[in-house]
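Heads up: the structure comes next, in structure tokens.
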Amino acid sequence: MKAAVIGAGWAGLAASVALREAGAKVTVFEAGHTPGGRARRVFHDEFEAPLDNGQHLLCGAYKETLALMRRVGRNPDALLMRRPLRLASLDGRFHLSAPRIPAPLNMALAVLRARGLSWGDRFAMLRLMRGLKTMSWTPPRDWTVLHLLHYHAQSDVLIRQVWEPLCLAALNTPIATASAVLFARVLRDSLAGAREDSDLLLPCTDLSALWPDAAARQVTMRYGSTVRQLHPSADGIDINQERFDAAVLAVPPTYAARLLDGPLRKAGATGLLDALKAFDYLPIATLNIRLASPWRLPEPMMMLREDAARGHAGQWVFDRAQLAGDTKAGELALVASAAVGMGERNRRQVIEALIDQVAEQAAAHPLRLQPMPDVSAAELFIEKRATFAAVPGLIRPLNSTPWPTLALAGDWTDTGYPGVLEGAVRSGLQAARVLNPRAD
Ligand SMILES: Cc1cc2nc3c(=O)[nH]c(=O)nc-3n(C[C@H](O)[C@H](O)[C@H](O)COP(=O)(O)OP(=O)(O)OC[C@H]3O[C@@H](n4cnc5c(N)ncnc54)[C@H](O)[C@@H]3O)c2cc1C
């Protein structure tokens, strides 16, 4: 089979691996120049090692992603730092850490021993998890996360301290508008799964080097090659006027809608076209800073306290030098999810406020951390369309299309997950199966 994949994000590359393994000759069209899509390496003159277009975090429940890394010869144990779930605020006021004992005891103990929560809040957290289990982890489709939290009587402190940052990290959507179904799914697969599922997996290398580079080496890559024409039919598909037996379209839904507008209308599949057009998107900002001298955080990933009025918009800070095993440098990445409006503000002021947020909260840590050294370089990435808004009732297309020669892939397809890496990988594998049932 002569197969094409359009889009070299994690979804498209997952599809290319599965199709190649099933015997197809695969060509990947990618508009950009680096494999990885929204999770890719970028270079910057003032930083010695490559950066990412946005700091990413994986977890132990990302089973298909971890298996795929192995399939292309990459070792997740060496490339990802695996740590039991630990949420610790940089100012030292909050700490929740899962012991290495079997689930579900590990989570129960983590919650009961949490620092910075009242006993009432600790029991409320456990009640919510038990309540979700009783609902078979399926709250009503039209509920928001806030609705779910209020239904289970979670206090404002608990919401602000635990649920809001978790929801933003997993769904990139504020609790007032985020889908309770998708949030429950994430909690089920991570916190309520086997002990290892809740582990945090922190990349120790750039995102393209994790596995997209290796996957890209196995197929014919056409970088800088934007697909502008797509004509699927029952026995083949024309892409930019070149004939293929089959293709996976693994681009964001807005682009898929543009490419398929004519063909879907002709096929009378306007329902699918409407679904592709119905997605809204939310931004994520990542500030990378290089410090004038080495500086270690107590944990490689720590929570930040938000204070919107002061521009303290970050929720997490990652110690990139610690993750890379570099003892001679100080390098941090600060993440602000659902950073709506940040792109329109004064860039220098945004950067200064975020740096101030880290310095101030580190200074409050009871371990008396060294004061944060001066910042020697800063680069702010704002991905305007980082993920789709994971709102209740969203209709997400399946991988199949009206044509047997074309399948869809992307974190936005009906994966059951919000817009995350594991969803992208699963969708790519599923799209390959749609075209060739032997592709797995
Ligand atoms: C800043 C940021 C932080 C994130 N943090 C996390 C996290 O911590 N954990 C997590 O699990 N997920 C996270 N995500 C989400 C995760 O990155 C995505 O779910 C995943 O990368 C989506 O992969 P994809 O293949 O579906 O889409 P994409 O990565 O968008 O891939 C689509 C590809 O298609 C290409 N393309 C588009 N149109 C065309 C065309 N016409 N012709 C050819 N090529 C085309 C694009 O260039 C792109 O490479 C984050 C996302 C961002 C942006």
Side-chain angles (χ1 to χ4, degrees), residues 4-16 27-40 42 51-59 61-62 64-65 80 168-172 186 189-190 200-203 207-208 210 212 215-216 221-230 239-240 247-260 279 281-288 301 315-316 318 333-339 380-388 390 396 399 408-413 415 417-431:
V5 171
I6 305 164
W10 286 41
L13 288 173
S16 77
T27 301
V28 179
F29 293 81
E30 167 54 46
H33 296 274
T34 312
R38 272 174 282 153
R40 70 174 186 284
V42 285
L51 299 174
D52 292 317
N53 67 311
Q55 177 67 44
H56 279 61
L57 168 71
L58 294 78
C59 74
Y62 282 18
E64 296 290 349
T65 305
L80 296 163
L168 281 174
L171 275 67
N172 188 34
V186 171
D189 286 5
S190 51
L200 302 176
L201 307 180
L202 301 152
L207 293 168
S208 298
L210 279 182
M221 292 297 297
R222 293 207 196 147
Y223 293 114
S225 188
T226 303
V227 170
R228 300 189 195 283
Q229 285 178 339
L230 197 62
I239 298 170
N240 288 354
V248 172
L249 180 58
V251 302
T254 323
Y255 300 122
R258 253 181 245 160
L259 280 168
L260 290 175
F279 286 88
Y281 303 87
L282 284 162
I284 300 180
T286 305
L287 174 67
N288 288 92
M301 168 187 147
Q315 291 106 25
W316 305 92
F318 293 76
L334 282 76
V335 178
S337 293
L380 176 67
F381 296 111
I382 302 180
E383 284 276 349
K384 288 205 174 118
R385 294 181 166 203
T387 68
F388 65 87
R396 293 169 64 186
N399 301 88
L408 301 174
D411 60 355
W412 48 273
T413 59
T415 64
Y417 282 102
V420 291
L421 296 169
E422 177 72 1
V425 166
R426 286 183 186 218
S427 80
L429 298 175
Q430 182 56 26

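For ligands, and for the atoms within them, numbers begin at 1 and follow the listed sequence. Quick caveat, the model's predicted, so the values are computed rather than measured.
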Closest to atom 34 (O) of ligand 1 among Gly7, Gly32, Gly37 (heavy-atom distance)
Gly7

Pairs of nitrogen or oxygen atoms closer than 3.5 Å, one from Ala31 and one from ligand 1: do any exist?
yes

Under-4.0 Å heavy-atom contact with ligand 1, by part of Ser225 that carries it
backbone

Pick one: which of Leu287, Asp52, Ile284, Val42 meets side-chain contact (heavy atoms from CB on, under 4.5 Å) with Phe381?
Val42

Quick check: Val227 and ligand 1, any N/O pair under 3.5 Å apart?
yes

Quick one: does Gly54 get an N or O within less than 3.5 Å of an N or O on ligand 1?
no

Is ligand 1 less than 4.0 angstrom away from at least one heavy atom of Phe381?
no

Evaluate Glu30 for polar contact with ligand 1, using N/O atom pairs at a separation under 3.5 Å.
yes

Heavy-atom donor-acceptor pair, Asn172 side chain to Ala338 backbone, under 3.5 Å
yes

Check whether any N or O atom of Asp411, backbone or side chain, sits under 3.5 Å from an N or O atom of ligand 1, and answer yes or no.
yes

Relative to ligand 1, is Ile6 under 4.0 angstrom through side chain, backbone, both or neither, heavy atoms considered?
side chain

Keeping Arg40 on the side-chain end and Pro35 on the backbone end, is there a donor-acceptor pair under 3.5 Å?
no

Interatomic distance, CG@Asn240 vs OG1@Thr226, rounded to 0.5 Å, equals 8.5 Å

Under 4.0 Å, heavy-atom basis, I'd like to know which part of Trp412 is in contact with ligand 1: side chain, backbone, both or neither.
neither

For Gln55, state whether at least one heavy atom is located under 4.0 Å from any atom of ligand 1.
yes

Any N or O of Tyr62 that comes nearer than 3.5 Å to an N or O of ligand 1?
yes

Answer yes or no: is there a donor N or O on one side and an acceptor on the other, between the side chain of Glu64 and the main chain of Glu422, under 3.5 Å?
no

Return yes if a side-chain donor-acceptor contact under 3.5 Å exists between Arg426 and Thr65, otherwise no.
no

Does Trp10 reach ligand 1 with a nitrogen or oxygen that is under 3.5 Å from one of the ligand's nitrogen or oxygen atoms?
yes

Would Phe388 and Tyr281 satisfy ring-ring contact (aromatic ring centres under 6.0 Å, His included), going step by step from the backbone distance to the final call?
CA-CA 4 Å; Phe388 65 87; Tyr281 303 87; 8.0 Å; no

Atom 38 (N) of ligand 1: closest protein heavy atom, distance to 0.1 Å, is Val251 CG1, 3.5 Å

For Ala250, the ligand 1 atoms with a heavy-atom partner under 4.0 Å come out as 32 (C), 33 (C), 34 (O)

Roughly how far, to the nearest 0.5 Å, is the OG1 atom of Thr286 from the CD atom of Glu383?
8.0 Å

Taking N or O atoms only and a 3.5 Å limit, does Thr286 qualify as a polar contact for ligand 1?
no

Quick one: does any side-chain atom of Trp412 pair with a main-chain N or O of Phe279 as donor and acceptor, under 3.5 Å?
no

Between Ile284 and ligand 1, does any nitrogen or oxygen pair lie at a separation below 3.5 Å?
no

Has ligand 1 got any nitrogen or oxygen that is less than 3.5 angstrom from a nitrogen or oxygen of Glu383?
no

How long is the gap from CG on Leu207 to CD on Gln55, to the nearest 0.5 Å?
7.5 Å

